[in-house]
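Below is one structure, written out as C-alpha cells; the observations come after it.
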Amino acid sequence: MGVTTPSDTPTAHALACALADQLHPGAAPRDVTVSFGARRQAPVEYRARSRGGPVTVFAQALHATLYGLPSDDETLPAALDALLQTAHTATAPEQKTAVLRQVAEQLRNAAEIIQRYQYRAQWDRFPDDIAKQLHDAHDQAQQIAQVLDRVAPTFSSPPSADTAPDAYRHHGPSAAAPATTLTPTTGRHR
C-alpha cells in the first residue's frame, strides 16, 4: 500500500535543514550530526542508551515516521551511474520520488564540490572567468536541486488519465503519427 503526501508536506531535506538550523541558522545538513541521550531521571533501561549520527539520516526517519512513508531500509545508491540504473527499473511511485530526491541530494553535494573549486580558483588566482563559471555552475546545481525537491512528491501520486495535460492527450502515444519505416544499412554497428 503506497502512502502519498500532499505537496505542502515538508520533505526529508526540509526537516534536515530545520534540524541543522538548531545548531546554526543556515548550516548545511550534511555538516551536522545529532546525538540523543536520556536524562538522569529517566528509567534505568533508557539511561544506558544513546544514539547519534548524521542529521540527514534522522530527518529521513523522522519524515517516514511523521508522514507514514516507508523508511529507507533499502537505500538508494550514491553513485550516479548506479542511480541511473535504479531510475530505469523504478516502478513504484515512492521509488521514483526517492530517486529524484537522491539526485537532488547529489546535486547539492556537487554544488559544494564546485564551490570549493571556485574558491580554489580564486585563491590560486586563475583567470576571473574560471571562478565566475564555477560560481554560475554552483548556483545552477543548487537551483536544479531545489526544483527536484519541489517536483519529487508529485511522482508519489501521479495524475490520473483524466488530469493529463491537453498537450499529452493530443500529442501523446495515442495520437496518430505517420508510420516510420526503418531501412537496413549495410554498415557495421558496434
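Residues satisfying the side-chain hydrogen bond (donor to acceptor under 3.5 Å, both in side chains) test with Gln142, not counting sequence neighbours, are none. Applying the side chain to side chain contact (heavy atoms under 4.5 Å, CB included) criterion to Ala27, with sequence neighbours excluded, gives Ala20, His24, Val32. Remark: Gln133 pairs with Asp129 by the side chain to side chain contact (heavy atoms under 4.5 Å, CB included) rule, at least two apart or across chains. Partners of Asp139 under the side-chain hydrogen bond (donor to acceptor under 3.5 Å, both in side chains) rule, at least two apart in sequence or in another chain, are His135. With sequence neighbours excluded, the residues that form a side-chain hydrogen bond (donor to acceptor under 3.5 Å, both in side chains) with Glu105 are Arg108. The side chain to side chain contact (heavy atoms under 4.5 Å, CB included) test applied to Ala87 returns Val99, not counting sequence neighbours. Take Asp124 and apply the salt bridge (charged side-chain N to carboxylate O under 4.0 Å, His left out) test, not counting sequence neighbours, and it matches Arg120. For the salt bridge (charged side-chain N to carboxylate O under 4.0 Å, His left out) test, residues two or more places apart in sequence or in another chain that qualify with Asp136 are Lys132.
Not a single donor-acceptor pair under 3.5 Å links the side chain of Ser156 to the backbone N or O of Thr97.
Of all heavy-atom pairs spanning Asp149 and Ala104, the tightest one is OD1-CB, 3.5 Å.
Taking CG of Leu148 as the start and CZ of Arg101 as the end, the distance is 11.0 Å to the nearest 0.5 Å. Separation of atoms CD (Gln143) and NE2 (His138) is listed at 10.5 Å; rounding is to 0.5 Å.
Clustering of Ile, Leu, Val, Met, Phe, Trp and Tyr by side-chain heavy atoms under 4.5 Å joins Leu134 with Ile113, Ile114, Tyr117, Phe126, Ile130.
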